[in-house]
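Comments concern the structure below.
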2 protein chains.
Amino acid sequence: MEVEPSVRVTIDDVARAAGVSRQTVSRAMNGKGEISAATRRRVLATIEELDYRPSVFARGMRTQRAGTLGLILSDIANPFFPAVARGVFDAAGAHGFSVVVHNTDAHAGRESTAAREILEGGAEGVIGFFEALGDEELVALHRRLPLVVADRRAPAPTVASVSSDFATGTRLAVEHLHAQGHRHLGMLDGAVGVDHVRRHAFAAAAAPGSPIVTGPPTITGGAAAAAQLLGEHPEVTALFAFNDLMAVGAIRALRERGRHVPDDCAVVGYDDLTLAADLDPPLTTVHTDKYELGRTLVEALDAIVRARRRDTGDTGDTPDPEPRLLPATLVVRRSA
Amino acid sequence: MEVEPSVRVTIDDVARAAGVSRQTVSRAMNGKGEISAATRRRVLATIEELDYRPSVFARGMRTQRAGTLGLILSDIANPFFPAVARGVFDAAGAHGFSVVVHNTDAHAGRESTAAREILEGGAEGVIGFFEALGDEELVALHRRLPLVVADRRAPAPTVASVSSDFATGTRLAVEHLHAQGHRHLGMLDGAVGVDHVRRHAFAAAAAPGSPIVTGPPTITGGAAAAAQLLGEHPEVTALFAFNDLMAVGAIRALRERGRHVPDDCAVVGYDDLTLAADLDPPLTTVHTDKYELGRTLVEALDAIVRARRRDTGDTGDTPDPEPRLLPATLVVRRSA
DNA sequence: TTGAAAGCGCTAACAC
DNA sequence: GTGTTAGCGCTTTCAA
C-alpha cells in the first residue's frame, strides 16, 4: 500500500505562502469578517495551489459542526426507504451536508444506539424513522440534537415531524375495496411503529370487527399474516396490507393456497414501490411521493439547524415547528 | 425549541470528579496503557454518572480517526445497492464504524465530489462502486485514503477489490439460453462501469455478432434498449439483461409489443433482487449474495485500516491485497 | 482591513 | 500505575 505519509497542509502553510496571517486565511475561506477582495482572491489562489483542505476535526472543535446529518431507518432493504433516502441525499448535498445512515431493524435498542452514535459523531441533526423508541426518548434526544421525526406524530410540540397522510391513504384503499363490492375486509398490519395510523384508519373505515393480523412488514411477514388471517376468517375477500412488501407476501400466500388474485381475494398495498406495476398481478396500492418526503425532511431539519445557529446564545425561543403532512393517492392496478 | 445550552462535560470534569488526572481517564476509556482495574472501574463509573461523551473532534484531532467510513454508490434506488448496504452497515457496526453514504448517479463529477467529501469528512476509508471515474483517479484517491473498489477490477495491484464473478454469471445465463434452444441472443447492457465484464463475457459466449444495445441500468433504460434491439433484430428470441431492472423494462417493452415472455422471447436478468420471484413472469436471473458482498467489502477495508494503524511510521509496506471474487449462480424461474 | 493571542478537548510521549 | 507536558489545526476574541 502506498498511502501517503499524511503531510497535511495546514492553514499556517497557506498563510505563510500567501504572506498573510492565518486569521486572514480563515476569513478568506469562510467569507466572514472584513477582508479586501484582492487579498481574498490571492489567498484563495494559494489554497488552490497548495491543495489545502481544512481539517474537519480542528474546525469542528471550534464550531461543533461537522457538516453531517444522521438518517435512522428500520430497513434499507425495504425499497420504500431507499426511495426516501434519495431525496434525503440530494437535499442534504444541496445544503452542504453529508449523511450517515443507520439501520435499526425496528429494534428499540438499535434505535437508541444509532441515535447515540450519531450524536457522538458530531452530527448537526437527525432524521429518524423511529418504530420502537418511546416519545420520552425522542424528546430527550431532541434536547441534545435537532431532530425531525418521519412518518410519526411529533413526540412533543417542540419536535418537528413530517409524515405522509396515512389516514387518507388508508381510507382511500378501504373505500375502493368497498366500491368493488367487497363486504369482508381484513388487514395485514406491520408490527412496527407506535402511532398505528393505518390500523386505526382501517378499523374506522371498514366494517366493525374486521380482522387485523399483525406481522413483520416484510414479504415473509405478509405471507404468514395472510395465511393466518385467511385461515381464521375464510369469509374475507379483500386484504389491505401495511405496505407493498406485505402485499407481495399476501399474494404469494394466496397463490400457494390456490386462490386467484383479485378474483378470489383482492389485495391492496401501501407505498407504491417502483416495481409494484411489474408484479403479478400489478399491485393496487397507495402512492406517496417518497423522494419528496426525503427532501422535506431535510428542509425541516435544515430550518432548525439554521435557527439554532442564529440564536447562538439562549436568545429567543424559536416557534414550534408546524407538523407537515404529505398527500397520499390510490393507484388502481389489477390486484384489487 | 429546547435544545440544551451545550454545557459539555469534558475529560477534565471526569478527572476532577474521579480524583485522577485526565490522562488516566483517557486510559480508562481506551483500554490502552497500564491502569489498575480498580481505578479503571472507578473512572468508568464516574463517566457513566456524569454522562460524559468524548468529543469526536478533539479525539480526531489527535488520532485522525472519526470512526467513519464512506460508501459511494451509483443509485440507492436500485434494490441491488440497499441489499449490499445492509451487509456494509452490519459489518461496519461490528467494527465500530459509522457509514456515510453518497449517491452518484454514475456521474464522474459526483463520484469525485463524493470521494472528496468523504476524505475531508475525516473518514478512515472508502468503499466505492465507481462507474465512471478512471483508474488514475482511484489510485490518486487511494494515496490519500484506504480504498476498496467494489464490482470492479483493482485499478492498481495496491488497491483492494471485491467483485462478484460476473464472467461466470454471464456464462451461466448464456448457456442456459442456449440449452433452451435459443439461437439468436441479444444483450441489454448497462451504460455504466468501465470493466464491461458482463458485455465481454456475453460476446465471448454468445454467437459472434450477437447484438448488444446499451442504455441506463434502469427499468426505463431496459425498456428502451429492448425496444431498439428488437426493432433492429427481430430474429432475437432471448435477451440477457445487465441487471434485473433492465430485465423488468425489457419485459414491459415486450408486453407492449404484444410479445409473450418467455414463449416469444426469453429474458434473463442479473442480481436476483428480492422481488424477482414475484414479477410477472418470475424472473430467471443470476444470483449473487449481495449481503455477503457488503460484509466482505467492509472486512477488506478494515484489514487495510488496521494495517495502516499498525505501521504508524512508514514501516514495512503491507503486501498487496488479494482481489476477491464472489460466486454467482443461475436461478431459473419462468422468464427464460 | 489585518494580525496576535488564546484555547477548544483530547491523546502521545515522557517523566515519575 | 499514574501524572505532566505538549501540542493537534482551527476560529474567536481582541488589539493594532
Side-chain angles (χ1 to χ4, degrees), chain A residues 5-44 46-47 50-67 119-122 124 309-310 312-313, chain B residues 5-44 46-47 50-67 119-122 124 308-313:
Chain A
S6 296
V7 277
R8 186 172 251 295
V9 178
T10 76
I11 195 172
D12 286 303
D13 298 325
V14 176
R16 209 169 306 123
V20 296
S21 78
R22 70 172 186 256
Q23 177 48 17
T24 301
V25 177
S26 175
R27 280 194 271 257
M29 288 192 291
N30 301 316
K32 313 182 76 171
E34 317 297 356
I35 184 176
S36 79
T39 50
R40 181 183 175 143
R41 235 192 323 279
R42 186 156 45 88
V43 171
L44 257 26
T46 312
I47 286 177
L50 299 187
D51 191 36
Y52 162 71
R53 309 284 178 206
S55 149
V56 266
F57 299 123
R59 174 175 283 170
M61 199 146 172
R62 299 297 302 167
T63 62
Q64 296 302 331
R65 283 180 218 149
L119 178 63
E120 291 177 11
E124 301 186 35
R309 285 185 193 161
R310 219 166 294 122
T312 308
Chain B
S6 292
V7 275
R8 187 172 250 296
V9 178
T10 76
I11 195 172
D12 285 302
D13 297 325
V14 177
R16 210 169 306 125
V20 297
S21 79
R22 70 174 186 254
Q23 178 53 358
T24 300
V25 177
S26 174
R27 281 194 268 256
M29 288 192 290
N30 301 317
K32 313 184 74 170
E34 317 296 356
I35 185 176
S36 79
T39 51
R40 178 181 177 144
R41 236 192 322 279
R42 186 157 45 89
V43 171
L44 257 27
T46 313
I47 286 177
L50 298 187
D51 191 34
Y52 161 71
R53 309 285 179 206
S55 151
V56 264
F57 299 123
R59 174 175 283 170
M61 200 143 169
R62 296 297 301 161
T63 63
Q64 296 303 330
R65 284 179 218 151
L119 178 63
E120 292 176 12
E124 300 186 36
R308 269 202 71 191
R309 284 184 192 161
R310 219 165 295 123
D311 32 85
T312 308

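So you know, we letter chains A, B, ... as the sequences are listed, proteins then strands, and number each from 1.
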(request) Can you tell me the distance, in whole Å, between the CG atom of A:Asn30 and the P atom of D:dC10? (result) 11 Å

(request) Please check the phosphate of D:dC8 (OP1 and OP2 only) for any side-chain N or O of B:Thr63 closer than 4.0 Å. (result) no

(request) Identify, with sequence neighbours excluded, every residue that meets salt bridge (Lys or Arg N to Asp or Glu O under 4.0 Å) alongside A:Arg16. (result) A:Asp13

(request) May I ask you to evaluate whether B:Ser26 reaches the phosphate of C:dT11, defined as a side-chain N or O under 4.0 Å from OP1 or OP2? (result) yes

(request) May I have the distance from A:Asp12 (atom CG) to D:dT11 (atom C1'), rounded to whole angstrom? (result) 12 Å

(message) Nearest heavy atom decides the nucleotide; on that basis, is A:Met29 or B:Ala37 closer to the 5' end of DNA chain D?
(response) B:Ala37

(message) Please check: side-chain N/O of B:Thr39 versus main-chain N/O of B:Ile35, any donor-acceptor pairing under 3.5 Å?
(response) no

Below 3.5 Å is the cut-off: list the nitrogen or oxygen pairs between protein and nucleotides 4-7 of chain C, distance only.
residue: C:dA6; atom: N6; partner: A:Arg22; partner atom: NH2; Å: 3.1
residue: C:dG7; atom: N2; partner: A:Arg62; partner atom: NE; Å: 3.4

(message) Is the shortest side-chain heavy-atom distance between B:Ile47 and B:Met29 below 4.5 Å?
(response) yes

(message) Check whether A:Arg41 reaches the backbone of A:Ser36 with its side chain - one donor and one acceptor, N or O, closer than 3.5 Å.
(response) no

(message) Please report the distance, rounded to the nearest Å, between OH in A:Tyr52 and C1' in D:dG9.
(response) 7 Å

(message) Rounded to the nearest 0.5 Å, what separates atom OG in B:Ser55 from atom CD in A:Gln64?
(response) 6.0 Å

(request) Starting at atom CD of B:Gln64, determine the distance to atom P of C:dA12, rounded to an integer number of angstrom. (result) 12 Å

(message) Quick check on DNA chain D: between A:Val25 and B:Val20, whose nearest nucleotide comes earlier from the 5' end?
(response) B:Val20

(request) Round to the nearest Å and state the distance from A:Met61 atom CE to C:dC10 atom P. (result) 8 Å

(request) Tell me which nucleotide among C:dT1, C:dG9, D:dC10 gets nearest to the side chain of A:Thr10. (result) D:dC10

(message) Distance check needed: D:dT2 C1' versus B:Ile35 CD1, whole Å only.
(response) 9 Å

(message) For a quick test of reading the model: is some side-chain N or O of A:Thr24 closer than 4.0 Å to OP1 or OP2 of C:dT1?
(response) no

(message) I'd like to know if the side chain of A:Thr46 reaches the main chain of A:Arg42, judged simply by a donor and an acceptor atom lying under 3.5 Å from each other, with no hydrogens or angles considered.
(response) yes

(request) Would you confirm whether B:Arg59, through its side chain, and B:Arg65, through its main-chain N or O, come within 3.5 Å as a donor-acceptor pair? (result) no

(request) Starting at atom CD1 of B:Ile11, determine the distance to atom C1' of D:dG3, rounded to an integer number of angstrom. (result) 13 Å

(request) Rounded off to whole Å, could you give me the CZ-to-P distance for the A:Arg53 and D:dG9 pair? (result) 16 Å

(request) Could you tell me whether the phosphate oxygens of C:dT2, OP1 or OP2, come under 4.0 Å of any side-chain nitrogen or oxygen in A:Thr39? (result) yes

